[in-house]
Amino acid sequence: MYGRSRVIVAVSAETILIFVLAAVAVVVLVRWVAGRTGLPAAALLPLIGIAYAVLPGPNLGLDPEIILTFIIPPLLYSAALDSSLMAIRRNLRIVVSLSVLLVLMTALVIGVGFHWFVAGATLAAGIAVGAAIAPPDPVAALGVGRKVGLPPRLLTIIQGEGLLNDATALTILSVAVAAAVGDGFSWGSAVSQFVMAAAGGVLVGVAVAWLVRLLRKLRDDPLTANAISLATPFGAYLLAEEIHVSGVLAVVVAGLIIGHHAPGGSGASRLQTTAVWRLVEFLLEGFVFLLIGQQLPRVVSGLQQYAISTIVAAVAISVGVVLLLRPLWLLLTQSLPRSLHTRLIRDDNDTEREPTRGLAGREVVALSWAGTRGVISLAAIFALPLTTDSGAPFPDRDLLLFCTFVVVLVTLVGQGLTFAPLVRMLGLRANVSDQARLRNEARSASVAAALERLDELAEAGDEDELRAIEATRAQLVARQARYQGRIDLLRDADATELPVSPRYEAALRVRRAAIDAQREEVLRWRDAGQLPDEGLRVLQRELDHEEGLLPAR
C-alpha cells in the first residue's frame with residue numbers, strides 16, 4: 001500500500017472493512033449496469049475509480065508486490081483453466097507472434113523512441129516502460145467479444161495472447177531494469193536471461209501440473225479439490241520466482257495442463273471448483289479495475305519536474321506505438337506468403353483446417369482493436385526501483401508512471417467502450433447454429449455409447465437389473481430422438497441465429513414449471529415442520545442440478 005492507504009491502516013480495521021464492502025457494492029452495481037447497457041465493466045470501473053480518487057477521503061494505492069503475488073497468479077490461472085489447450089495449439093503461430101514477438105517489438109520501438117525523442121531518457125528506461133505497456137489485458141475484449149458473438153477462433157487468439165504475453169513483458173522488464181540500475185544494456189545478457197526465464201517457467205509449470213495430477217484421488221472430494229485448486233497458482237508462482245524464472249509463465253502452463261485434464265475428474269468437484277473460480281475472478285477483476293482509476297493523483301503528482309514538451313513527446317510515443325504497431329504487425333504477418341510462415345506445430349491427425357488459414361481483413365481489424373492494457377502494466381511500472389545501484393534516482397520514473405497510466409486509460413476505456421460497436425459494424429459473428437449442431441451431435445454420440453453399454457450389461461444382468469436397464473434405455477432413446485430432431489433443425493438454420501422449435505421451447509417451459517412446483521412443495525414441507533432444513537437443502541440441490549441441465553433460454 002502507498003500514500004493514503006496507510007491512513008486506512010492507521011485508523012482502524014473497521015475502516016478497511018467499510019472500504020472493501022463499498023468496493024464490492026460498486027463492482028456489483030457496475031456489473032448490473034453493464035449487463036443492461038452492454039457497456040464493458042472493465043471500462044466503467046476505472047472511470048469510477050478516477051472519480052473517487054479526486055474526492056477527499058481515504059484511498060488505496062497500488063502495491064506492485066501485492067498485485068504480482070496475490071492478484072495476477074489467480075487471475076491468470078483462472079483464465080488458463082477456462083482456455084482450450086488444443087485450440088491454442090492449433091493457433092500457436094499467431095498466438096506466439098502476438099504474445100512474444102509483438103511484445104518484444106513494442107518494447108524495443110518504444111525504448112528507441114524514448115532514447116531519440118524524449119529529452120534525457122535512456123534506452124533502458126524506454127524499454128522498461130515499453131515492456132510494461134506492451135502486454136494487452138484481454139479481460140475487456142473477451143467480455144465484449146463473448147457478448148457480441150465473436151467467432152471462437154478470435155476469442156482463442158485473444159485469450160492465448162493474454163495468457164502468454166505477461167511472461168514475455170515481465171521478463172523483458174526485468175532485463176531493462178537491471179540495465180537501467182546497473183552498467184547498461186547488453187543484448188547477449190538480455191537474450192540469455194529471457195530464454196532461461198521462459199524455459200524455466202515452462203518446466204516449473206509442467207512440474208506443478210504433474211504434482212497436482214498425482215493428487216487426483218484427493219481431488220474427488222469437492223472441498224479438497226477446491227483447496228488444492230486455490231493453492232496451485234500461488235505454489236507455481238512462488239516456486240518459479242524462488243529459482244528466478246518466470247512465475248507468470250509457470251502459472252499459465254500449469255493452468256493450461258490442469259484445465260486440459262480436468263474433464264477426467266469428479267463431476268461434483270469440477271462443478272464446485274468452477275463456481276469458486278468464477279467468484280474469485282469476478283471479485284478480483286472488479287477490485288483491480290477500480291484500483292487502476294485510483295492511481296491518478298499519485299501518478300500526476302510527480303510530473304512537476306518535467307517540461308510540457310517532454311511529457312507530450314513521451315505520451316505520444318507510448319500511445320502512438322501501442323495503437324499503431326499492433327495493426328501494422330498483424331497486416332505484415334498476414335500479408336507474407338504462406339510459404340514464409342513458420343508452422344510451430346504440425347498435427348497430421350488434426351482434421352480442423354480453419355486455423356491453418358490466415359486472418360481475414362475484418363478479423364485483423366478486430367484483433368487490432370482488442371489490445372486493451374490493464375493492471376499488470378501498472379503493477380509492472382510501479383515495481384520500478386526508486387534508485388539505481390549508484391544511489392541516483394531511477395531515470396524518469398515519474399514520467400514512465402504517467403505514460404503507462406495514460407496508455408492503460410486510453411486503451412481500457414477508449415478501446416473497451418468502442419470494441420462492441422466495431423465488431424457489430426464488421427459483421428463478425430460466430431456460427432452459432434453450427435456450434436449448437438456440433439454439441440447436439442456429441443450429445444447424440446454419448447447417448448449411443450450409453451445404449452451400447454446397456455446392451456453389454458443386459459447380457460449378464462439379472463431380472464432386477466434388466467428392469468432398470470429397460471427403464472434407462474427408454475429415457476435414453478427419448479433423449480436421443482430429441483437430440484436428433486434438434487440436429488435436423490440446426491442443419492438448415494441461419495448461421496448467426498439459433499432456430500426456435502415450438503415443441504422444444506414448450507418442453508423446456510413444462511420442465512421448468514415442474515421443477516418450480518417441486519421447489520414450492522418441499523419448501524411447504526419445511527415450513528410445516530415436516531422436513532428439516534438439512535433435508536430441504538439436499539432436495540433443493542438435486543432440483544438445482546436438474547435445472548442446470550436445461551439450456552439457458
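Positions are given from 1 along the sequence.
For the side chain to side chain contact (heavy atoms under 4.5 Å, CB included) criterion with I158, the lone passing option out of L98, L367, L163 is L367. L44 pairs in a side chain to side chain contact (heavy atoms under 4.5 Å, CB included) with only one of the listed residues (V30, V413, L29), which is V30.
Shown here is I308, whose CD1 atom has no more than 12 heavy atoms of other residues, nucleotides or ligands within 6.0 Å. With a 6.0 Å radius and a threshold of 12 heavy atoms from other residues, nucleotides or ligands, R443 has its CZ atom above the threshold.
Using a distance-only test at 3.5 Å, with no hydrogens or angles considered, a donor-acceptor pair links the side chain of N165 to the main chain of P136. Without hydrogens or angle criteria, S368 side chain to V364 main chain gives a donor-acceptor distance under 3.5 Å. Counting only distance, with no hydrogens or angles, the side chain of R373 and the backbone of T411 share no donor-acceptor pair below 3.5 Å. In this structure, the side chain of T310 does not engage the main chain of Y306 through any donor-acceptor pair within 3.5 Å. Within the 3.5 Å criterion, the main-chain N or O of V95 finds no donor-acceptor partner in the side chain of E161. A donor-acceptor pair is defined here as one N or O able to donate and one able to accept, closer than 3.5 Å; no such pair exists between the side chain of T69 and the backbone of I66. Under the 3.5 Å distance criterion, the side-chain polar atoms of E363 are matched with a main-chain donor or acceptor of A360. Side chain of R362 to backbone of L426: a donor-acceptor contact under 3.5 angstrom is found. The backbone N or O of L296 lies less than 3.5 Å from no partner atom in the side chain of R298, so there is not a single donor-acceptor pair.
Nearest heavy atom pair, residue L142 against residue L155, reads CD2-O, 3.7 Å. In terms of heavy-atom proximity, L417 sits nearest to P40 at CD2-CD, 4.0 Å. Smallest separation of non-hydrogen atoms from V204 and A236: CG1-O, 3.9 Å. Here the shortest heavy-atom pairing between A132 and S377 reads O-OG, 2.7 Å. Listed here is the closest heavy atom pair of F114 and C403: CZ-SG, 4.0 Å. Taking both residues in full, the closest heavy atoms of L68 and L170 are given as CD2-CD1, 4.4 Å, listed atom of the first, atom of the second, then distance.
Atoms OG and CG, on S99 and L249 in that order, are 9.5 Å from each other to the nearest 0.5 Å. Between atom OG of residue S97 and atom CG of residue L330 there is a gap of 7.0 Å, rounded to the nearest 0.5 Å. Atom-to-atom distance recorded for R213:CZ and I257:CD1 is 9.0 Å, nearest 0.5 angstrom. If you take CG on D82 and CH2 on W277, they are separated by 12.0 Å, rounding to the nearest 0.5 Å. Taking CG of L239 as the start and CD of E241 as the end, the distance is 10.0 Å to the nearest 0.5 Å. Atom OH of Y77 is separated from atom CG of L256 by 10.0 Å, given to the nearest 0.5 angstrom.
The closest side-chain heavy-atom distance from M86 to H260 is below 4.5 Å.
R31 and E285 are not joined by a salt bridge, as no carboxylate oxygen comes within less than 4.0 angstrom of a charged side-chain nitrogen.
Side chains of E281 and S78: a donor on one and an acceptor on the other come within 3.5 Å.
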